[in-house]
Amino acid sequence: MKPMAANPFSRKQFLRSAGLITAGLLLSPRRIFAQGTSPVITIKNAAATEPVNVQTLRGNMHVLSGSGGNISVFDGVDGKLMVDAGIGVSKPRVEAALQQISNKPVKYLVNSHWHFDHTDGNEWIHQAGATIIAQRQTKENLAKTIRVVDWDYTFTPAPAGALPTILFDAEHRLQFNGSSIHMKKYAPAHTNCDISVYFPHADVLHVADTWWNPYYPFIDHSSGGTLSGMISACNHNLSITTDKTVIVPGHGAVGNRAQLVQFRDMLLTVQHNVSKLKKEGRSLPATVEAKPTRLFDEKFGKFVLDGAFFTKLVYADV
Ligand SMILES: [Zn+2]
């Protein structure tokens, strides 16, 4: 078998994730890492030129993509509400995308969890007048130093202006633009602070990084994520949606319930396969070599994580 990369977030994966290919920055992955650059820096640099696209859903809902995680935008007479902030250096392109929707100001920014590709833009969006809402643990994670080993990066405390100021524990409702927006914390899944945001007027559910459509998801063990939590989050999402619900994943294409079922079933099958191999006494390298994800690699292995890396994450969790 091929040796596992020393840094489990492989170079090729981060090239894809960072949009470096579409940005025309065909730097050799080996060169990026030889220079000791964390993927976090690489992703931020890529976002500096990546275009930001607007997809219009229904009920004045839109999704911006191209600056880290997907950003949902709800526009209306009261102004705009964003779910997630993207990468700070995308500011001019995010501003232009928001203006393309309307000239209403951003009143609220909701953070789906603490990860930088969803919160790095917090400070400028707050400075532009938005109040930031988050689950309490998101603020706590942002306010402290956290070492994410898989990203070879130490996050230092965010500046005061980037910290959420409306905090909740289990759930929060906000009346805005005539809708009753419902934020709800998941049990630890992708991290220890993931929330869903539901827009009942449009039947749109933003599920953040509990779903990557259609890709193997990252599970952040450094901040409380687990595979069984991811599966529980999917089951919860399936229990509160119908075939008509529009579901916004943290990364990848806006999707529907049938696609989320496929993702959940993939998680269950890989969990079963890896668990069986581990119980037979196989080491991690031997488990990776057995390719327990092979039926799914063609469909799910084309973004940040390939089958080998996903197997490694799952092995730690079964
Ligand atoms: Zn994340």
Side-chain angles (χ1 to χ4, degrees), residues 8-10 13-14 16-19 38-44 46-47 63-72 82-88 90 109-122 132 134-135 137-142 144 146-155 158 162 164 183-197 205-227 229-234 237 247-255 260 263 267 300 303-305 309-310 313-314 316-317:
F9 243 66
S10 88
Q13 290 155 357
F14 265 99
R16 291 196 204 114
S17 161
S38 162
V40 174
I41 301 294
T42 308
I43 288 173
K44 285 185 180 181
V63 173
L64 313 189
S65 56
S67 177
N70 287 328
I71 298 169
S72 287
M82 298 171 71
V83 180
D84 286 345
I87 309 282
S90 303
L109 164 62
V110 178
N111 288 153
S112 71
H113 63 299
W114 77 279
H115 279 159
F116 82 102
D117 51 333
H118 302 256
T119 59
D120 191 62
N122 274 14
I132 307 177
Q135 204 276 334
Q137 187 65 47
T138 291
K139 183 198 173 185
E140 288 178 15
N141 290 352
L142 286 171
K144 67 185 178 186
I146 299 186
R147 173 87 185 152
V148 177
V149 175
D150 287 343
W151 288 341
D152 186 25
Y153 198 86
T154 300
F155 293 89
M183 300 155 221
K184 190 171 187 337
K185 184 184 183 296
Y186 297 98
H190 165 74
T191 66
N192 58 3
C193 57
D194 311 297
I195 63 165
S196 59
V197 186
L205 179 67
H206 186 117
V207 300
D209 280 356
T210 67
W211 187 25
W212 290 14
N213 184 29
Y215 307 115
Y216 294 133
F218 183 54
I219 300 169
D220 185 359
H221 296 129
S222 74
S223 63
T226 70
L227 174 65
M230 288 289 287
I231 293 167
S232 297
C234 289
N237 293 334
I247 310 176
V248 181
H251 296 268
V254 171
L260 181 55
F263 175 83
L267 295 181
F300 291 91
F303 184 45
V304 177
L305 278 68
F309 184 18
F310 188 57
L313 288 180
V314 172
D317 260 349

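Numbering of ligands and ligand atoms starts at 1, following listing order.
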(message) Is Asp220 close enough to the Zn ion (ligand 1) that one of its N, O or S atoms comes in under 2.8 Å?
(response) no
(request) Quick one: report the N, O or S atom of His190 that is nearest to the Zn ion (ligand 1). (result) NE2
(message) I'd like to know if Asp194 and Lys185 make a salt bridge, using a cut-off of under 4.0 Å between side-chain N and carboxylate O.
(response) no
(request) Report the residue from Thr119, Asn122, Thr138 that forms a side chain to side chain donor-acceptor pair (under 3.5 Å) with Asn111. (result) Asn122
(request) Check the surroundings of atom NZ in Lys139: do more than 12 heavy atoms from other residues, nucleotides or ligands lie under 6.0 Å from it? (result) no
(message) So Val148 and Phe155, do their side chains get closer than 4.5 Å, heavy atoms only?
(response) yes
(request) Please name the atom of His115, restricted to N, O or S, that is closest to the Zn ion (ligand 1). (result) ND1
(request) Quick one: the NE2 of His113, the Zn ion (ligand 1), OD2 of Asp209 angle, rounded to 10°, please. (result) 90°
(request) Taking the side chain as every heavy atom from C-beta outward, state whether Pro249 and Trp212 have any atom pair closer than 4.5 Å. (result) no
(request) State whether His118 contributes an N/O/S atom found under 2.8 Å from the Zn ion (ligand 1). (result) no
